[in-house]
S.K.: 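Quick one: the structure is below, and I'll ask about it shortly.
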Amino acid sequence: MRQFFPVEDLARDERFVQTNMAERLADTRDPMEPESKRKSAKSRSASNRLTPDRPDASDRARGLMHGIMVGEIQALEGAGRTAHDFEAGDGSGDTIPFELKLDMARQAWDEARHVEISAKLGDWMGTELGEFQENTVLFEAACSNDPVLRLAGVNRALEGLAIDVFTQMKEFGDLAGDPYLEFCEDWMLADEVTHVKMGSDWLRKVTEKDPDRRTKALEFQQVVDKLFSFGGARGDHEESSFKLARRFRELAGFTDGENDTINKLGVDAFNERNQAIKQARDAAAAFADA
Amino acid sequence: MSALVAGQVSVDPAEFTQVKYDANEIAAIVTSLAETLGVSNSISLIVDETTPLAKITCSIDAPSSDATIVIDAMSGAIENTKQLTTLGVNQTRTSVGRMLLRARDRMRADFADVDTDDELTLAESAAWDTYCAGRLARAGIEINTQRWRYNHRNRFGFSDAGDADFDRLWAADGLSWSEVVAGIAAD
């Protein structure tokens with residue numbers, strides 16, 4: 001079987017349309033509703049958080065649920081690749097411990113279940129498979145040739161994001177009174193905490209005698225974490241779509257310092273995106289005036 | 001805004017810079033949609049391309065059958081969700097179609113006292129959306145019923161009573177405003 005699968009070759013049928021982070025960030029529209037158009041501080045996008053009191057709550061929830069589903073597909077593909085792409089060994093070079101392969105296989109099993117659950121939740125919410133664009137950034141983080149970078153990028157950054165998103169979705173289901181959504185997200189959240197913990201533990205273990213490799217992996221994680229901030233959509237700040245689920249992250253092996261760093265990356269990404277939006281607005285105004 | 005003749009559709013802006021929308025294509029979709037729904041009024045569609053949000057509202061300039069319908073849409077309301085920043089034909093039909101039916105309702109005497117779209121409560125808006133989406137489906141517009149059922153449940157509860165209210169509105173035609181929001185009064 002082929003090893004090291006490029007993102008372009010992911011198997012999808014004609015229902016799915018893929019995009020990447022560069023395309024998404026090229027969209028310079030401002031997701032925050034202009035203050036002049038808000039009815040009140042609780043209006044649609046006074047905050048970007050997904051709460052049932054948003055007028056667009058159900059459509060936003062449907063879009064997010066679809067994003068979760070394709071994320072689960074990619075997480076399944078990523079974990080499966082890591083279990084297969086590397087030979088069993090002591091963790092040096094291109095090898096990974098056999099027990100790490102087993103953990104990746106277990107994760108692939110979990111993700112397959114999550115895909116099924118998420119697809120059924122999509123049905124429940126009135127969403128068709130492929131109705132929303134699929135961002136392949138998650139699988140791209142799983143394409144590194146170094147297994148330790150995959151642990152950092154996928155298990156810690158990607159699955160860490162999943163902890164934040166699932167916590168938010170679970171809260172949404174709870175507040176909206178949706179019995180299935182709240183229940184399913186809670187169960188999947190428990191798995192994600194385990195996946196992050198596996199990544200944290202294996203990263204420490206495999207790089208125990210190789211501090212340079214660990215440093216490189218943690219730097220890579222920061223790059224991925226900033227990408228996963230989606231232009232500042234995640235963090236403790238009010239404008240973010242997803243709040244950092246700090247308690248669950250602690251359980252998964254993140255330190256306070258690491259969570260603070262992720263939050264800061266989100267703020268930086270938010271400011272950069274705002275700057276890009278401002279430039280696009282200025283350019284559009286200049287075009288209109290011409 | 002220039003004066004419109006009956007049945008004319010205008011789209012503003014005429015040229016888009018932040019999204020890949022074509023004003024003529026939008027006008028053609030809306031014209032065809034209005035014909036399907038039997039709406040012969042002049043229609044002015046104003047698209048805010050600076051935001052990807054999907055809010056859409058409508059108003060009429062007078063409570064008469066020849067009123068001009070003004071629709072304010074954020075770009076996400078007519079966007080192809082499979083290919084962001086491009087125009088979604090079905091999304092346009094669904095979003096603008098709901099607004100055309102709302103506008104037609106507003107021309108009725110028994111909708112005269114209804115608040116503007118911006119002033120409606122979330123439950124009022126959801127009930128009206130259910131009523132409009134059901135009529136769109138019967139007019140042959142491609143509609144995912146479960147999407148609107150989920151929207152209704154989010155406002156009226158995940159319960160048999162909420163579902164019964166959805167079924168009532170979905171199958172209805174010719175309702176007065178008090179009948180549209182009867183499910184709210186019953187809560």
Side-chain angles (χ1 to χ4, degrees), chain A residues 15-19 23-24 26-34 37-39 43-45 48 52-63 65-66 121-128 130-135 172-173 175-182 277 280-281 283-288, chain B residues 13-20 47-57 72 74-77 79-86 88 90-91 94-95 115-126 129 133 142-159 162:
Chain A
R15 289 173 296 183
F16 292 86
V17 177
Q18 297 181 328
T19 186
E23 280 180 8
R24 286 302 301 274
D27 181 353
T28 52
R29 291 174 295 170
D30 187 353
M32 296 288 284
E33 187 170 4
K37 293 189 177 175
R38 290 180 199 163
K39 276 197 290 185
S43 186
R44 179 176 302 243
S45 265
N48 248 342
D53 60 0
R54 293 174 64 99
D56 59 351
S58 41
D59 276 344
R60 287 273 295 216
R62 289 187 324 107
M65 195 63 239
H66 192 277
L121 281 173
D123 279 348
W124 163 249
M125 299 162 91
T127 305
E128 290 167 19
E131 184 175 332
F132 298 90
Q133 214 166 24
E134 176 185 6
N135 190 330
F172 178 85
L175 290 170
D178 182 338
Y180 297 122
L181 185 61
E182 194 271 342
I277 287 168
R281 283 225 166 125
F287 178 84
Chain B
E15 206 168 335
F16 293 87
T17 57
Q18 286 188 260
V19 290
K20 303 177 191 84
V47 182
D48 180 356
E49 63 167 334
T50 65
T51 170
L53 294 174
K55 182 178 179 181
I56 186 163
T57 57
D72 283 289
M74 294 184 176
S75 69
E79 184 172 32
N80 179 358
T81 53
K82 280 177 179 277
Q83 198 87 62
L84 297 182
T85 72
T86 67
N90 199 48
Q91 283 85 355
T94 306
S95 297
D115 287 336
T116 64
D117 280 2
D118 269 335
E119 291 165 335
L120 295 173
T121 66
L122 295 176
E124 286 171 339
S125 193
D129 277 341
E142 191 183 326
I143 296 284
N144 184 333
T145 309
Q146 186 66 15
R147 169 189 172 187
W148 295 101
R149 187 180 289 280
Y150 184 71
N151 187 54
H152 202 85
R153 283 172 170 162
N154 267 313
R155 300 294 170 226
F156 290 86
F158 290 75
S159 65

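Naming: A, B, ... by sequence-line order, numbering from 1 per chain. Remember, it's a predicted structure, so these values are computed and weren't measured experimentally.
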S.K.: Select one option (side chain, backbone, both, neither) describing which atoms of A:D59 are under 4.5 Å from chain B's heavy atoms.
M.R.: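 The side chain, not the backbone.
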S.K.: Just by distance, do the side chain of B:K55 and the backbone of B:D72 share a donor-acceptor pair under 3.5 Å?
M.R.: no
S.K.: Where the side chain of A:R62 meets the backbone of A:G126, is there a donor-acceptor pair that is under 3.5 Å apart?
M.R.: yes
S.K.: Between B:N80, B:T81, B:T145, B:V19, which has the largest tally of heavy atom pairs under 4.5 Å with chain A?
M.R.: B:T81
S.K.: By a 4.5 Å heavy-atom criterion (distance strictly below it), what part of A:T19 contacts chain B: side chain, backbone, both, or neither?
M.R.: neither
S.K.: Kindly say whether A:E128 contributes a backbone atom to a donor-acceptor pair with the side chain of B:N144 at under 3.5 angstrom?
M.R.: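 Such a contact is absent between B:N144 side chain and A:E128 backbone.
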S.K.: Between the side chains of A:E131 and B:R147, is the shortest nitrogen-to-carboxylate-oxygen separation below 4.0 Å, so that they form an ion pair?
M.R.: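 Not counted as a salt bridge, because no side-chain N and carboxylate O are separated by less than 4.0 Å.
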S.K.: Please classify the contact between A:Y180 and chain B as side chain, backbone, both or neither, with a heavy-atom cut-off of under 4.5 Å.
M.R.: neither
S.K.: B:L122 versus chain A, heavy atoms under 4.5 Å apart: side chain, backbone, both or neither?
M.R.: side chain
S.K.: Partners of A:E182 by salt bridge (Lys or Arg N to Asp or Glu O under 4.0 Å), sequence neighbours excluded?
M.R.: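 With sequence neighbours excluded, A:E182 shows a salt bridge (Lys or Arg N to Asp or Glu O under 4.0 Å) to A:K170, given in chain and number order.
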S.K.: If the condition is ring pair (Phe, Tyr, Trp, His ring centres under 6.0 Å), which residues does A:F16 pass it with, not counting sequence neighbours?
M.R.: none
S.K.: Of the backbone (N, CA, C, O) and the side chain (C-beta and beyond), which part of B:E79 lies under 4.5 Å from a heavy atom of chain A, both, or neither?
M.R.: side chain
S.K.: Non-hydrogen atoms of chain A under 4.5 Å away: do they reach the side chain of B:T85, the backbone, both or neither?
M.R.: both
